[in-house]
Every structure is written in C-alpha cells, then in structure tokens.
Peer 1: 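Quick one: the structure is below, and I'll ask about it shortly.
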Amino acid sequence: MATAEAEPAAAPAAATRPPWTATLHGWVVTVDHKKLGILYVLMAVGFILVAGAAALMMRLQLWAPNLALLPPTTFNQFFTLHGTTMVFFVGMPLLIGIANFAVPLMIGARDMAFPRLNAFGFWATLFGGLLVYFSMVVPGGPPAVGWFAYAPLTENSFARGPGVDCWALGLIVSGFGTTTAAINFAVTTLSLRCPGMTLRKVPFFVWVMFWTSVQILVVMPPLTAALVMLEFDRQLGAHFFDTQAGGSAYLWQHLFWFFGHPEVYILVLPAFGMISEVVPVFSRKVLFGYEFMAAATAAIAFISLGVWAHHMFAVGMSRALDLFFAAASMLVSIPTGIKLFNWLATVYGGKLVLKSPMLFALGFLSMFVIGGLTGIILACAPVDLQVTDTYFVVGHFHWVLIGGTVFGIFSAIHYWYPKATGRMLSERLAKWQFWLLFLGFILTFAPMHVAGILGMPRRIYTYGPGRGWELWNQLATLGALLQAPSYLLFAYNIVASLWKGKPAGDDPWDAWTLEWATPSPPPAYNFAVVPTVRSRRPLWDLKHPDDPDWKYE
Amino acid sequence: MTDLSPTPDAPEVLPESAVAPPDHTAGVEGRPEPHKAGMVCFLVSEAAFFSTLIMAYVIFLRHGSAGPTPAEALSLPLVLGNTACLLLSSVTVHLAERSLRKGNVGTFRLLWAATILLGVLFLVGTAVEWRGLIRDHGLTIGVNLFGTTYYTLVGFHAFHVTLGVLSLTAVLGVSARGLLPGTAPLPVTLVGWYWHFVDIVWVVVFLVVYVLGR
C-alpha cells in the first residue's frame, strides 16, 4: 500500500494513469471477482448486439409474405445462433457476471472462494462462445439446427459441415466454465460469509445464486454428456442419436430438456434475486416474507428438475408421462406465485422511489406474470398439442426471458453500476431505454401469440399470403424496430456514463446490504475490516443504531 | 471511470466502533473448509455426468441390432480382477491417509504408491479387455449400440481413473519432496475423496454392465 501511494507522487499528475497496455494486461490476467464480473457483462453486451442484429434481420425477413431478404439456410443459421447466443453467451454470462461482482461484496468476503478458477470460468465461457462463432468461417457455415438441436438433424447424414461440431464443442467448453462458476458460487456462499451472517441472514440475491448453482451442478453435466455423445456419433461413428442404426432421437430430447428446462430457471432465478434486492430498497421496506421467499426458491430449484418433458408433449410419450409432466409443471406456479405476492406485498404501502432500477423492477413484476400465465396455458398437454412449435411458444418464452430475465438484469445493472464504476448512469437515457424496451417488447411479442394461435409455425423463413398472419408479423417487426434503439441507448449509456456520469458516492440508493459500505468502485480488497453483521440489513443497523433490525428478526 | 490502480485509497469501512458484536454462534470458523466444499460440489457434477452415461447404457440395453451382445462379448474373470484392484485401492488409500494422520509418513508413501500401482493395474486390465473385445469379438464403438454405449461409459470411467492416477502421482511427488505439511494435508484428503468417488462409480458400472446387463 505504501509503495503504491508513493508511485503517483513521484510521477507528474497527468501520467498517473498506467499505459493502456498495462491496463489491458491487468484486465486479461485479473483474478479479481469485480473485474471478472465486469468482463462477463461486457462480453455479454457484445454478444447481445450480434445476436440482436440477427433477430432484427429475421424480423425484417418476416415483414411480408414471400420476402427474399435472407435465404432459407441463412435464416435457419440465424435462429440457431440467435438462440444459442442469447441463452449461453448473453443470459448466463450476464447473470453470472453480475453475481460475480455482487455476491462476495454482499457477504463481506474478500473475493470468491477460488479466484483463479473464477478467471478460468470467464475465459472458458468467452472462448466457448468464440468457438461457436468460429462456425461462420468453416465450410457449410454455422449450424442450422435450432438451439435445441434435435437429433437426427445434427447427425452426419443431415449436417455435413463442421458447423455442428463447432457448436457442440463450444457449448462443452463454455459448460465447463459455467460449472466452475457454480462450484465457486456455492462454496463462496457456504464458506466465506462474514461473521454473524448465518444462512438465514444472507442477502436474498446470494441465497438465490446458491440455488441456481445447485441447479447448474446437476443439469450442466448431463448436457455435456449429451454433447459428447453427439460428437462421438459425428466423429467416431457411434450411434447414440443415429436413428438408422437403432439410436434414439427421443433420447436426445430427454437429455437436452433435462438440461434445457432447468436452464430456464437458471436464467430467471437470479433475476428473482436481483428484483428482491431492488424492490425493497426502492419501496423503503424490508423484503416481505423472507422465509417464504427462501423456501419458494428452493422449491422452484427442486420442482424444476422434474418438469422437462413438458417440452415433449407432441412427441407422443405416454398418457401417464403427459399427465405427470403437466401436473409437475403447474406445480411450479405455486412457489412462483408466492414470490410474486411477496414482491407485491413489499411494494404495498411503501414509499416508492421511481428511479431506473425500480422502473425495470416494476416492468419485471408486470410482464413476468403474463409470461407465467401463458406458461400455465402451455403446461396443459392438450393446449400444447395445438400450439406446439408455433409462434405462441416463441411469444411465451420471449415474454419470460425478456419480461423476466432481461428486465431483472437491467434493473440490477442500473442498481449496481454506480457501485462498480463510481458513476451514476444517466436517468434520462435509462427512462428512454425503459419505455422503448417496454413498449417495443410488448409490440414484438404479444402479436406472436396471436400468429401462433392462427397456426403460424416457428422457424419458417417465410410464409404465403392470405393466411391472416401478415398484420401480426408486421406489428412484431415494428416492435423489434422499436426495441432495437433501447439496447443501443443502453450500450451508449454504460460507456458514456463512465466519463459523463455524476459521481455516485458510496451509497447512492440509501441501501442496506454490505456492498454499499465499500467505496465506489470498491478497492481490490473489498473490506478493510472484515464486517460483522447481526441482521439481514447490516447497513440499516449501522445507520440506525437506535433502532437496529436485529432486535426484531 | 473504473479505477484501475492496484490499491486505490479507500477509507476504512465499518469502523470497529460501529460494528455490532459478533454473533458467536456462527463464526466463519464454523463454516465448511472451502476446498472440501468445492470438491463435494465438483463430485456432485461428476455424479450427474456419469448418471447420464449410465442412463444411456441402460436405455439401449438389449436394443437388438447386429453385432456382439454383452452376453457374448463380456467375460467376467478379467473384469473381476480389475474390480478387485480398484476396490483394494480404495482400502489402501484409506489406510494411507490414516497412517499419515498418525504421523507415519513412510507407511503413507508406501500405501499411496500401492494405490497408484493398483490404479495402473486396473487401466492395464481395461486395455487387455478392450484388446480382446476389438480383436476377438469385433466390438468397436461403431459396430452397434452396445459398442457405442459400452465404450463411452467404460471409457469415461477409465479416463477418470487415469486422471486419478495422475493426481495420486502428483501428491506422491510433492510428498517425496517433503512439501506436504501436517498430518492431514488437503491434497491428500481431496485426492482421496476423488479416488473413492471413481471407485464407487466403478461399482455401479460393474453392476450395471457386467452383472445386471449381461
């Protein structure tokens, strides 16, 4: 510390900033959880712009019947890359990145439990993503198999180029990264909480990340195993999914969705946690029903492991399996409903502060409900049989993933950006971003439900006139055009605010968890003194020594 | 702008006067040891991985297609010897840990080396078995579903045994240089757990492939 302080004094004031190569080197070799968290987020922002551009092109292609903007194969490759990227290289890295930044600070720890493994996790995710995109330059181009890559479309007989191999290997590599991140979160939460922070007193986001990690540990390896089987089929001539030699396309569906459905909860549980931090602070009340929320989180983590085959009703399983998976899927709505009512009860009677984090949180609360309701509709096997593989499904899961995950993520980024950078984001730009996204999102995905009920299948590159689909597709494309600038505004805001933003101070939101007790941005060592906590809101106790929480909890 | 200097000036946070007295019922001391917790998490993910492979094996069992069946190709005597090696190695690794705890470093190294030897014997046994399967029965990964699932499952297990042997050897090397402090150093415990896990997986694989599935 003393030497570090002496250095700037020796150099002229303008030269105190290290050369850019040193800065870059520092970021590349870093094992600091805060820098890695920021790297995860930056990587995801890069990927979201690429995959978002692909989505925009697809929407333009579907603007009117029989357009020829994108050739059929290119269209198929675009939706494959779009889905894969958004799930593996945007959604998960954003959630893992934000948690990487926040979790150690929230529990009063110096860093994650395994900092070098943490760095490995980030680089494995990034290079896994690059490996998937490497398929752009191989013969035959990117895979054209959809993000769930149903067999036997992925077998050698149908996908001759190495595109599918890039895809599978990229997901295996990034899967290792995700698994190590999960190990890190689980151990950090279990072992590194500061003195006094029992598991019943962890900030809710930390609790949620723990259960998300448990899910990742259980479902990510089966995906890796399935991808390995696929590569054995393609490279060694094995027959797992090779239906002509007795292999089973049905097995791939089970293996993929055993990962794929819990993945939906891996993508949304952390957003639940983020909302559970933002809503209380901006309602100026404690989180309502913490214990019920905690139990509901664990319940969702368990139940969601047993619902995967609701993606497969149309396969023709058996009546018993259909009934089981329909019932189990509906069961998830109970703990989810508990959460929703607890958030509403937190808001109820509160003194709402409608700053940008809260705006996105309210967007989440309103939109996620609707996505949940169409989810219940889809869980009914008979209804699912009618609308399976139609735009109704596309509308449903985008509603949950944008209305849930993306709104939660934006809420969290607007909440923690001041902590990470020491600067406030522009509220004006954030409000523009919110309203463009909110309206554009509804305009894009609501009409898809209608198009789906009218029978429009997903993944078609064009459609004939006179089926009544034109209007709904045009509305959706207009919505996409309305949404697009909101993401650009966001990217501009997070960059420009580094220079233009108002200085944030340590605790701009008057919040209650430990990260706000550190300077903004926090020093590499996080806490000069290891904090000791006695309640779920240690900063409230600190600010109100006359009326601390621990007297009531 | 994000401050990139290595140690920016930062005020002390939570001055001690403001910190509530520690809740002595849940000090950090009472928490799980991070490396052990990490190993448990890793083994959970490994278990999920092997469960998937075992499931695939069971699903394709008796899905008749051309080529050798398990009953025709698999022979018990060799694999029983392999199994005995692996089971015995679990005992030696356990005894090795115990002698180290008693401060008996020489016995520890001897038993630890015996564990490595038994692991290598298992791998050699597997190689001999595979050679027979390929040469005498014409069973390869591409011949039929039995070959596909068998080589994938048993192969991934053998791969894990290989990793285990390498880790055991690394620990022995560190110990030989006198760099393993204490009577229960973490590498010994953690590699021991990993080895037991690989062993348990083999018991399941043995029962599924060689006993129930034959």
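Throughout, a chain's letter reflects where its sequence line sits, starting with A, and its residues are numbered from 1.
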Peer 1: Is it the case that atom NZ in A:Lys543 sees more than 12 heavy atoms from other parts of the structure closer than 6.0 Å?
Peer 2: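 Yes, because the 6.0 Å sphere around NZ of A:Lys543 holds more than 12 heavy atoms from other groups.
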Peer 1: Would one find more than 12 heavy atoms of other residues, nucleotides or ligands at under 6.0 Å from atom CZ of A:Arg200?
Peer 2: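 Result for CZ/A:Arg200: open.
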Peer 1: Say you draw a straight line from CZ of B:Phe42 to CG of A:Leu117; how long is it, rounded to the nearest 0.5 Å?
Peer 2: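 Going from CZ on B:Phe42 over to CG on A:Leu117, the span is 10.0 Å.
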Peer 1: With only heavy atoms counted, which part of B:Thr149 is less than 4.5 Å from chain A, the side chain, the backbone, both or neither?
Peer 2: both
Peer 1: Do B:Phe60 and A:His239 have ring centres separated by under 6.0 Å?
Peer 2: no
Peer 1: What part of A:Val219 is in contact with chain B, defined as an atom under 4.5 angstrom from a non-hydrogen atom: side chain, backbone, both or neither?
Peer 2: neither
Peer 1: Taking atom CE of B:Met55 as the centre, report whether more than 12 heavy atoms of other residues, nucleotides or ligands fall under 6.0 Å from it.
Peer 2: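 No, CE of B:Met55 has 12 or fewer neighbouring heavy atoms, counting only those of other groups under 6.0 Å.
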Peer 1: Please give me the minimum heavy-atom distance between B:Cys41 and A:Val187, naming the atom from each residue.
Peer 2: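 In this case the closest contact between B:Cys41 and A:Val187 is SG-CG2, 4.2 Å.
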Peer 1: Please check this pair: side chain of B:Thr52 against backbone of A:Ala225, looking for a donor-acceptor N/O pair closer than 3.5 Å.
Peer 2: no
Peer 1: Let me know if A:Ala186 has heavy atoms under 4.5 Å from chain B in its side chain, its backbone, both or neither.
Peer 2: side chain
Peer 1: Please classify the contact of A:Leu236 with chain B as side chain, backbone, both or neither, using a heavy-atom distance under 4.5 Å.
Peer 2: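 For A:Leu236, heavy atoms of backbone and side chain both lie under 4.5 Å from chain B.
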Peer 1: Please indicate whether A:His544 has more than 12 foreign heavy atoms, meaning atoms of other residues, nucleotides or ligands, lying under 6.0 Å from its NE2.
Peer 2: yes
Peer 1: Side chain, backbone, both or neither: which part of A:Met229 has a non-hydrogen atom closer than 4.5 Å to chain B?
Peer 2: side chain
Peer 1: Go through the atoms of A:Ser520 and report whether side chain, backbone, both or neither lie under 4.5 Å from a heavy atom of chain B.
Peer 2: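 For A:Ser520, there is no contact with chain B at all, as no heavy atom is under 4.5 Å.
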Peer 1: Kindly indicate whether the side chain of A:Leu192, heavy atoms from C-beta on, has any atom under 4.5 Å from the side chain of B:Pro34.
Peer 2: yes
Peer 1: For the CZ atom on A:Phe176, are there more than 12 heavy atoms of other groups (residues, nucleotides or ligands in this structure) within a distance under 6.0 Å?
Peer 2: no
Peer 1: For residues 135-143 of chain B, give me every residue with a non-hydrogen atom less than 4.5 Å from any non-hydrogen atom of chain A.
Peer 2: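 So the qualifying residues are B:Ile141, B:Gly142, B:Val143.
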Peer 1: Can you say whether B:Phe156 sits under 4.5 Å from chain A via the side chain, the backbone, both, or neither, judging by heavy atoms?
Peer 2: side chain
Peer 1: Is the closest side-chain heavy-atom distance between B:Thr152 and A:Phe232 below 4.5 Å?
Peer 2: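 Side chain of B:Thr152 against side chain of A:Phe232, heavy atoms only: contact under 4.5 Å found.
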Peer 1: Could you give the distance from CG (A:Leu190) to CD (B:Glu33), rounded to the nearest 0.5 Å?
Peer 2: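 Separation between the atoms: 12.5 Å.
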Peer 1: For the residue pair B:Pro32 and A:Ser191, what are the closest heavy atoms and their distance?
Peer 2: O-OG, 2.9 Å
Peer 1: For the residue pair A:Met197 and B:Arg31, what are the closest heavy atoms and their distance?
Peer 2: O-NH2, 3.2 Å
Peer 1: If I measure from the heavy atoms of chain B, does A:Pro545 come under 4.5 Å with its side chain, its backbone, both, or neither?
Peer 2: neither
Peer 1: Could you check whether any side-chain heavy atom of B:Ile59 comes within less than 4.5 Å of a side-chain heavy atom of A:Ser248, counting everything from C-beta outward?
Peer 2: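 The answer is no; the side chains never approach within 4.5 Å.
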Peer 1: Quick check on A:Phe114 against chain B: is it the side chain, the backbone, both or neither that has a heavy atom closer than 4.5 Å?
Peer 2: side chain
Peer 1: If every non-hydrogen atom of B:Leu145 is compared with every non-hydrogen atom of A:Gly246, which pair is closest and at what distance?
Peer 2: CD1-O, 3.2 Å
Peer 1: Which one wins on heavy-atom pair count under 4.5 Å against chain A: B:Ser45, B:Ala56, B:Ser51?
Peer 2: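 Most heavy-atom pairs within the cutoff with chain A belong to B:Ser45.
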